[in-house]
Amino acid sequence: MPKLPLLPQDAVILAFGDSLTYGTGAYAEESYPAVLQSLVGRTVVRSGVPGEATAESLERLPEVLDEYIQN
């Protein structure tokens with residue numbers, strides 16, 4: 001298995017997905033992106049959209065990446 005480089009200290013993690021990523025049925029602080037953020041000590045952006053289908057996610061992904069990728 002290839003070894004991945006460590007993330008820089010200021011790296012932002014993008015949690016992208018559907019209602020599971022959004023945290024439907026849970027308090028915002030109980031969503032998996034919020035829990036991940038507390039575990040790794042980095043900013044985790046919760047970018048889940050309830051009810052979104054794969055095709056819609058694929059259309060949305062470039063815009064979301066552009067918003068959070070630092071050039």
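The shown structure was predicted, so the numbers you read here are calculated from the model rather than taken from an experiment. One is the number of the first residue; the rest follow in order along the sequence.
- At most 12 heavy atoms of other shown residues, nucleotides or ligands fall within 6.0 angstrom of atom CD in E63.
- Contacts of R60 classified as salt bridge (Lys or Arg N to Asp or Glu O under 4.0 Å), with partners at least two apart in sequence or in another chain: E52.
- Among all heavy-atom pairs drawn from L20 and Y32, the shortest one is O-CD2, 3.9 Å.
- Separation of atoms CG (L14) and OG1 (T21) is listed at 9.0 Å; rounding is to 0.5 Å.
- Note that CD of E56 is 10.0 Å distant from CG of L58, once rounded to the nearest 0.5 Å.
- In plain terms, the two heavy atoms of P33 and A15 that are nearest each other are CG-CB, 3.6 Å.
- Across every non-hydrogen atom of Y22 and G48, the tightest pair is CD1-O, 3.3 Å.
- Residues R46 and S31 come closest through the heavy atom pair CD-OG, 3.8 Å.
- Follow the hydrophobic side-chain contacts under 4.5 Å out from V49 and you never reach L65; the two are in separate clusters.
- The two residues E30 and V35 have their closest heavy-atom pair at O-CG2, 3.9 Å.
- To the nearest 0.5 Å, atom CG of residue L36 and atom OG1 of residue T43 are 11.0 Å apart.
- Shortest non-hydrogen contact noted between S47 and V64 is OG-CG1, 3.7 Å.
- Side-chain contact check for L7 versus I13: some heavy-atom pair is nearer than 4.5 Å.
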